Amino acid sequence: MKEAVYVAVDVGATGIKMAAAAFRNGKLKIRDIYSAGNPPYVENGHEKADIAHMLQTIREGLDRFSETYRCVSVGIDTYGNGYGILDENGELIQLPHHYRDRRIDGVMERVHKHFTDWQLYEQMGNCPIKTRGLFHLYQDVLEDSGNIQRGKVFLPLSSLLEYLLTKEKGTEKTIASVLYLLEKGGNDWCRPVFKELGIPTELFGELKEPGYRKGSITEEFARGSAWEGIPVYTVAGHDTESALAAVPGLDQEKMFISMGTSFILGSRVPEPVVTPDSFREKFKNMRGVFGTYSLCKDVPGFWILERCMEKWKENDPSVDYARVCSEVQKVKENHTFINISDDRFRVAEEDILKTIREYCEETGQQQVEGMARTARCLFESYALYIRWSVERLSSLTGITYHEIDAMNGGVKNTLLLQMISDAAGIPVVACSPLASAYGNLLMQLYASGVLTSKEELEQVCYDSTQPVRYQSNPSPYWDERLEYMKEKGLFKEVQ
């Protein structure tokens, strides 16, 4: 008989990864991986989530795994900003807009006619950022789109994909939380905000904790494949919260950073932190598995580097991550930095290199030219932003952090991890580059009853992954560079 495997589907903003894993002797073992790009679909000048491509990738991955293994269940986690709305016949009304689509330019000014940013934060525990689901929904209202005219059921992206596999509706809390749609406790939809903004409250149905059976793959989706009828379990739909479920020993004295298209950094907290200081620092409160809370912020991460690489590849198609890291190491002196959290780096740009040059000019800094110097500027800016965030988070929680736990694809960038450790002055522990998939798989084991507690999940996670520890090499260099950024006004103290 074929070996049984659980299948994790991890849909990122730029790529899709599927992992097939066996569970034996208390350990998860990845047997096979299937991956594909996930570029947005461009329609009438707007970037959309390519749902057909996502579904086809899932089919192809399941077909591949089924050739060798027996797939026993599927779980889906996604990036945290897309959504779809169904009509009365259960049909998707329109493709979800990609969260970075420029349709939301100017939307915050319209929102401010109803709420200040602080009023939204006080109710929802999340610092308003225009790319989030709430503001795309408000843009639907402003456009009187088909989603508003004919909508009956709202589904976040992970829930939408589950529905398209099983025809079962429903939403779990982690994905709804990151869309900026829940009240600050993370237990219910924030209906008062919906009503004020004209978002139909009847779109929003029951919320559940992650870790339950959603349904089974339908004949319609399977199209005669061997994996028809296998269970689909609702895991932590938000990929970052899925990844955090796969960090063994994560506690309130450790900071975490999920390193992907976005960097999401923060710490676990016993309850939401909603204060004027946390608001000014732009930290949000997210729901996690087993009723946990994360106080965190997300900033453009490898999104910036990837856009730069696209431009460099126009002149040299051989450019890849290894080449970029090699070039970075050739630059011994860097005098230019960016604040990676600046809003201009959050949205799609025709020429990100030009945007960086304009930023340098506006901030009175030396221009960076060429791949090596630009990449060095980015790497050091990433490291210093994380150092800055350790300080700011500590000021909010009163905790001195003694470790940074890093996870997801960015942990393969060993040069950057060492920079982060050196800049922050504390060790960095690199967890799995497949942390989102591991967390997904662990929650499938929990939902199916194979594992029965949070403690069992942590033990399996610890036994299944092999974290790598980077020790900090203290240097006045990073202190000097941080002071330089403060003097330039790139980082500002809370007033």
Side-chain angles (χ1 to χ4, degrees), residues 13 79-81 99-100 108 117-118 120-135 174-175 177-182 184 186 238-241 243-244 247 250 252 254-269 271-288 292-304 338-347 381-399 401 404-408 410 420 423-424 428 482 485-486 490-495:
Y79 61 93
N81 285 294
Y99 67 98
R100 296 190 191 274
M108 296 307 296
D117 285 348
W118 167 251
L120 286 174
Y121 188 80
E122 197 173 23
Q123 291 189 68
M124 309 179 87
N126 294 312
C127 191
I129 297 174
K130 67 181 181 181
T131 53
R132 300 302 176 235
L134 174 68
F135 306 110
T174 73
I175 195 70
S177 177
V178 77
L179 282 165
Y180 287 42
L181 297 174
L182 302 186
K184 63 184 177 184
H238 180 208
D239 52 8
T240 300
E241 289 300 337
L244 291 177
V247 178
L250 183 62
Q252 294 176 35
K254 297 176 183 178
M255 186 170 165
F256 64 77
I257 175 169
S258 175
M259 301 177 68
T261 302
S262 294
F263 287 173
I264 302 179
L265 48 94
S267 68
R268 289 294 199 201
V269 289
E271 59 185 16
V273 177
V274 181
T275 67
D277 283 350
S278 65
F279 166 69
R280 284 190 289 265
E281 295 284 5
K282 296 186 177 180
F283 277 91
K284 61 185 179 181
N285 295 274
M286 296 285 99
R287 275 300 297 264
T292 55
Y293 294 96
S294 299
L295 180 65
C296 58
K297 64 165 64 175
D298 63 297
V299 295
F302 291 124
W303 164 263
I304 308 173
I338 67 171
N339 180 349
I340 62 171
S341 70
D342 191 284
D343 277 350
R344 76 191 76 193
F345 301 120
R346 290 184 180 275
V347 295
S381 296
Y382 287 141
L384 283 164
Y385 187 87
I386 292 165
R387 154 76 179 270
W388 167 254
S389 297
V390 172
E391 292 183 5
R392 305 321 300 158
L393 188 62
S394 183
S395 73
L396 293 175
T397 63
I399 293 174
Y401 298 100
I404 299 173
D405 289 348
M407 69 215 74
N408 282 332
I420 292 169
V428 170
L482 182 62
M485 294 187 77
K486 291 178 181 179
L490 307 186
F491 294 152
K492 293 183 174 65
E493 300 284 350
V494 169
Q495 301 298 321

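When a residue number appears, it is its place in the shown sequence, counting from 1. Please read all numbers here as calculations on a predicted model, not as lab measurements.
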Distance in Å, Ser381 OG paired with Asp342 CG, rounded so as to fall on 0.5 Å steps: 11.5 Å

Heavy-atom pair of closest approach, residues Val274 and Glu122: CG1-CA, 4.0 Å

Over all atoms of both residues, closest heavy-atom pair of Ser341 and Asn339: OG-OD1, 2.7 Å

Heavy-atom closest contact (Lys486 atom, Trp388 atom, distance): CE-CZ3, 3.5 Å

Between CD1 on residue Ile386 and CG on residue Leu393, distance to nearest 0.5 Å: 12.5 Å

Side-chain heavy-atom pair Val178, Lys284 within 4.5 angstrom cut-off: yes

Partner residues of Gln123 under the side chain to side chain contact (heavy atoms under 4.5 Å, CB included) criterion, sequence neighbours left out: Phe115, Cys190, Pro192, Val193

Partner residues of Arg287 under the salt bridge (charged side-chain N to carboxylate O under 4.0 Å, His left out) criterion, sequence neighbours left out: Glu209

Heavy-atom donor-acceptor pair, Lys282 side chain to Lys297 backbone, under 3.5 Å: no

Audit row: Leu134, Met124, side-chain contact (heavy atoms from CB on, under 4.5 Å) steps and yes/no: CA-CA 11 Å; Leu134 174 68; Met124 309 179 87; 4.0 Å; yes

Contacts of type side chain to side chain contact (heavy atoms under 4.5 Å, CB included), residue Asp117, not counting sequence neighbours: Met108, His112, Pro128, Phe279

Side chain Ser389, main chain Tyr385, donor-acceptor under 3.5 Å: yes

Name each donor-acceptor pair under 3.5 Å that joins a side chain in residues 256-269 to protein atoms two or more places apart or in another chain, with its distance.
from	atom 1	to	atom 2	distance (Å)
Ser258	OG	Asn408	ND2	3.0
Thr261	OG1	Thr14	OG1	3.4
Ser267	OG	Tyr401	OH	3.2
Arg268	NH1	Glu241	OE1	3.2
Arg268	NH1	Thr292	OG1	3.4
Arg268	NH1	Ser294	OG	2.6

Interatomic distance, Ile399 atom CD1 to Met255 atom CE [nearest 0.5 angstrom]: 12.0 Å

For Lys130, salt bridge (charged side-chain N to carboxylate O under 4.0 Å, His left out) partners two or more places apart: Asp105

Closest non-hydrogen atom pair, Ala243 against Met407: CB-SD, 3.7 Å

Gap between atom CD1 of Ile129 and atom CG of Asp343 - 0.5 Å precision: 7.5 Å

Smallest separation among heavy atoms of Ser177 and Asn285, with atom names: OG-O, 3.8 Å

For Tyr180, all residues meeting side-chain hydrogen bond (donor to acceptor under 3.5 Å, both in side chains), sequence neighbours excluded: none

Sole residue of Leu244, Ile175, Leu179 in side-chain contact (heavy atoms from CB on, under 4.5 Å) with His238: Ile175

Pairing residues for Thr275 by the side chain to side chain contact (heavy atoms under 4.5 Å, CB included) criterion, not counting sequence neighbours: Val273, Asp277, Ser278

Spacing of Ile338 atom CD1 and Leu384 atom CG [to the nearest 0.5 Å]: 11.5 Å

Tyr121 side-chain N/O to Phe283 backbone N/O, donor-acceptor pair under 3.5 Å: yes

Partners passing side chain to side chain contact (heavy atoms under 4.5 Å, CB included) against Lys254 (at least two apart in sequence or in another chain): Leu250, Asp251, His402, Glu403, Asp405

Derivation and outcome, side-chain contact (heavy atoms from CB on, under 4.5 Å), residues Ile304 and Ile340: CA-CA 8 Å; Ile304 308 173; Ile340 62 171; 4.1 Å; yes

Residues forming a side-chain hydrogen bond (donor to acceptor under 3.5 Å, both in side chains) with Thr131, sequence neighbours excluded: none

